[in-house]
*Asks:* 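One structure, as structure tokens, below. Some questions next.
Just the heavy atoms: all of them, side chains too, but no hydrogens, waters or symmetry mates, feed the values below.
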Amino acid sequence: MAQFGFENDLQSILKLDVPITNVPVVRWQRKSSSPDAPTSDGLSPRKSVTVFQDSSMKQTCNTDDATILRIGGKPVNAPEGYQNNLKVLYSQSVTPASVKKTRYISSTPDRILHAPELRNDFYLNLLDWSSRNTLAVALHNSVYLWNATQGDIILLMKLEREEDYVSSLSWTKEGSYLAIGTSDCNVQLWDVENQKRLRSMAGHTARVGSLSWNEHVLSSGSRSGNIHHHDVRVADHHICTLTSHSQEVCGLQWSPDGRYLASGGNDNLVYVWPRVQQGSVSNARQPVCSWSEHQGAVKALAWCPWQPNILASGGGTSDRHIRTWNVNSSSCLTSFDTQSQISSLVFAPNYKELVSAHGYAHNNVVIWKYPSLTKVAELNGHEDRVLSLTLSPDKSTIATMAGDETIRLWKSFELDPTKKREAWLYQLAV
């Protein structure tokens, strides 16, 4: 009978009709009995977090406290004297080498501008980019201005006679005035902001294919081989004439420090001239350097902005060489055969590189490391010879003009963050 009673007690226990007492509470019961148990949507109704969507909008959930998660506001300071030992392992400062990015140069232009009636003439200089981010373009007998910041295009001027054409352009350093050389032997000076011609300076006997500014002095090169210095501040503008070139002066460039003027001609010669000193005009008529190593026309000239005594020059189809010169020693530093006609050169200071524009046979643009002249990149896409190139004021973009009647903008140089902010602030001020 005792055994039968024990079995009945065991069966009643196994039925689980009543709660089992004196046993530990299972985990799921402990969790459900917690005052912070999640609701059916998985969110705790008692916690609170303030979410800042932007400076003008704030959304707050219903909460009791927000001490666990905090977005925005100042963190709670650690007790005085506390030091986190893990900081040594996981909070080391990043070294410059570890953040160095692999440079990417796009092989396609950032933008293409159409330039109908562009004069396909190797010896002319029909493109220039101002310090105020305006691109000046000469199309036949007209000059157009493209605001690279806003994208606006305006017609600045048009020559009266249809048979005349614009042969050269050059901005002042400040970007307020534009000099325009014409096929009828004149040099015009325009106030761009007011779209007004200030004066027209005569004196040349042939078209004016090259221009370059040095403060208030404007230098102009002609097909006659002569170079004129003009003081644009006075009515009697002509200062002196340089007469060493025997053929058209197609390249003209003042050095960044204003000490020297470089000229290149269809006579394959390169000259370097001193600036005009007050009361000593006769000394300015004699070149300080002259080089005859090129075997073709020298239109491409560029001064190095970080080494003002260094000049780069490029030869035409029968030469094809880039040569660099030290003006102080009058010596040739490098000579490199590009295998293609060179129409334009410019130094890109962001990476200390040299950029060249080419006609026959490659019709492209090449970026070279300076001074080694090792090739960094090729920019292809023009369907005819590249006639000119110029650099944007922030030094990040090059504009190229070609015989295919297009202007292409290549964003090939990463902008330094400090310079980018300066450029942004300048644009706001303007």
*Asks:* Taking C-beta and beyond as the side chain, do L409 and I407 meet within less than 4.5 Å on heavy atoms?
*Replies:* yes

*Asks:* So which heavy atom on L379 is nearest to which on S106, and how close?
*Replies:* CD2-O, 3.6 Å

*Asks:* Among H321, H294, K299, Q253, which one satisfies side chain to side chain donor-acceptor pair (under 3.5 Å) with S313?
*Replies:* H294

*Asks:* Looking at every non-hydrogen atom in both residues, tell me the closest pair between A377 and I105 and how far apart they are.
*Replies:* CB-CD1, 3.9 Å

*Asks:* Within a strict 4.5 Å, meaning less than it, do heavy atoms of the I342 and D319 side chains meet?
*Replies:* no

*Asks:* Does a donor on one side chain sit under 3.5 Å from an acceptor on the other, for Q339 and D337?
*Replies:* yes

*Asks:* Under a 3.5 Å cutoff, is there a donor and acceptor pairing between the side chains of T406 and R408?
*Replies:* yes

*Asks:* Classify the side-chain pair N363/D384 by whether it contains a donor and acceptor separated by less than 3.5 Å.
*Replies:* no

*Asks:* State whether a side-chain donor-acceptor pair under 3.5 Å links N266 with R223.
*Replies:* no

*Asks:* Judged by atom type as modelled, is there a donor-acceptor pair below 3.5 Å linking the side chain of N186 to the main-chain atoms of S200?
*Replies:* no

*Asks:* Any chance the rings of Y271 and W273 have centres within less than 6.0 Å?
*Replies:* yes

*Asks:* Going by side chain to side chain donor-acceptor pair (under 3.5 Å), S220 matches just one of H229, H230, H228. Which one?
*Replies:* H230

*Asks:* When you check the side-chain N and O atoms of H245 and D267, is any donor under 3.5 Å from an acceptor?
*Replies:* yes

*Asks:* Could you check whether any side-chain heavy atom of I398 comes within less than 4.5 Å of a side-chain heavy atom of F413, counting everything from C-beta outward?
*Replies:* yes

*Asks:* Within the structure provided, determine whether I180 and W190 are in side-chain contact (heavy-atom separation under 4.5 Å).
*Replies:* yes

*Asks:* Is it the case that over 12 heavy atoms from other parts of the model lie below 6.0 angstrom from the CD atom of E117?
*Replies:* no

*Asks:* Could D191 and K196 be called an ion pair, given the rule that one side-chain N must be under 4.0 Å from one carboxylate O?
*Replies:* no

*Asks:* Is there side-chain contact between Q307 and Y370, with at least one heavy-atom pair below 4.5 Å?
*Replies:* yes

*Asks:* Indicate the atoms forming the closest heavy-atom contact of V166 with L124, along with that distance.
*Replies:* O-CD1, 4.4 Å

*Asks:* For the backbone of D128 and the side chain of W171, can you confirm whether one donor and one acceptor N or O come within less than 3.5 Å of each other?
*Replies:* yes

*Asks:* Does atom CD (E378) have a neighbourhood of more than 12 heavy atoms from anything else shown, all under 6.0 Å?
*Replies:* yes

*Asks:* Taking the side chain as everything from C-beta on, heavy atoms only, tell me whether V376 gets closer than 4.5 Å to R103.
*Replies:* yes

*Asks:* What is the minimum heavy-atom distance between L389 and T400, and which atoms define it?
*Replies:* CB-CG2, 3.9 Å

*Asks:* With ring centroids as reference points, do Y177 and W213 lie under 6.0 angstrom apart?
*Replies:* no

*Asks:* Using modelled atom types and a 3.5 Å cut-off, is there a donor and acceptor pairing between side-chain atoms of S388 and backbone atoms of N125?
*Replies:* no

*Asks:* Between R197 and E160, does at least one N-O distance fall below 4.0 Å, as a salt bridge requires?
*Replies:* no

*Asks:* Ignoring hydrogens, what is the shortest heavy-atom contact between S142 and K158? Give both atom names and the distance.
*Replies:* OG-CG, 3.4 Å

*Asks:* Hey, does the side chain of S340 reach the backbone of A361 with a donor-acceptor pair shorter than 3.5 angstrom?
*Replies:* yes

*Asks:* Strictly distance-based, threshold 3.5 Å: is any side-chain N or O of S168 a donor or acceptor partner for the main-chain N or O of L211?
*Replies:* no

*Asks:* For D257 and R275, which heavy atoms make the closest approach, and how far apart are they?
*Replies:* O-NH1, 4.0 Å

*Asks:* Hey, is the main chain of W254 close enough, under 3.5 Å, to the side chain of S212 for a donor-acceptor pair?
*Replies:* yes

*Asks:* Determine whether S176 and R132 make a side-chain contact, defined as any pair of heavy atoms from C-beta on separated by less than 4.5 Å.
*Replies:* yes

*Asks:* For atom CD of E163, is the number of surrounding heavy atoms from other residues, nucleotides or ligands below 6.0 Å larger than 12?
*Replies:* yes

*Asks:* Counting only N and O atoms by type, is there a donor-acceptor contact under 3.5 Å from the side chain of K369 to the main-chain atoms of Y351?
*Replies:* yes

*Asks:* Just by distance, do the side chain of S392 and the backbone of T397 share a donor-acceptor pair under 3.5 Å?
*Replies:* yes

*Asks:* Between W291 and V272, is any pair of side-chain heavy atoms under 4.5 Å apart?
*Replies:* yes

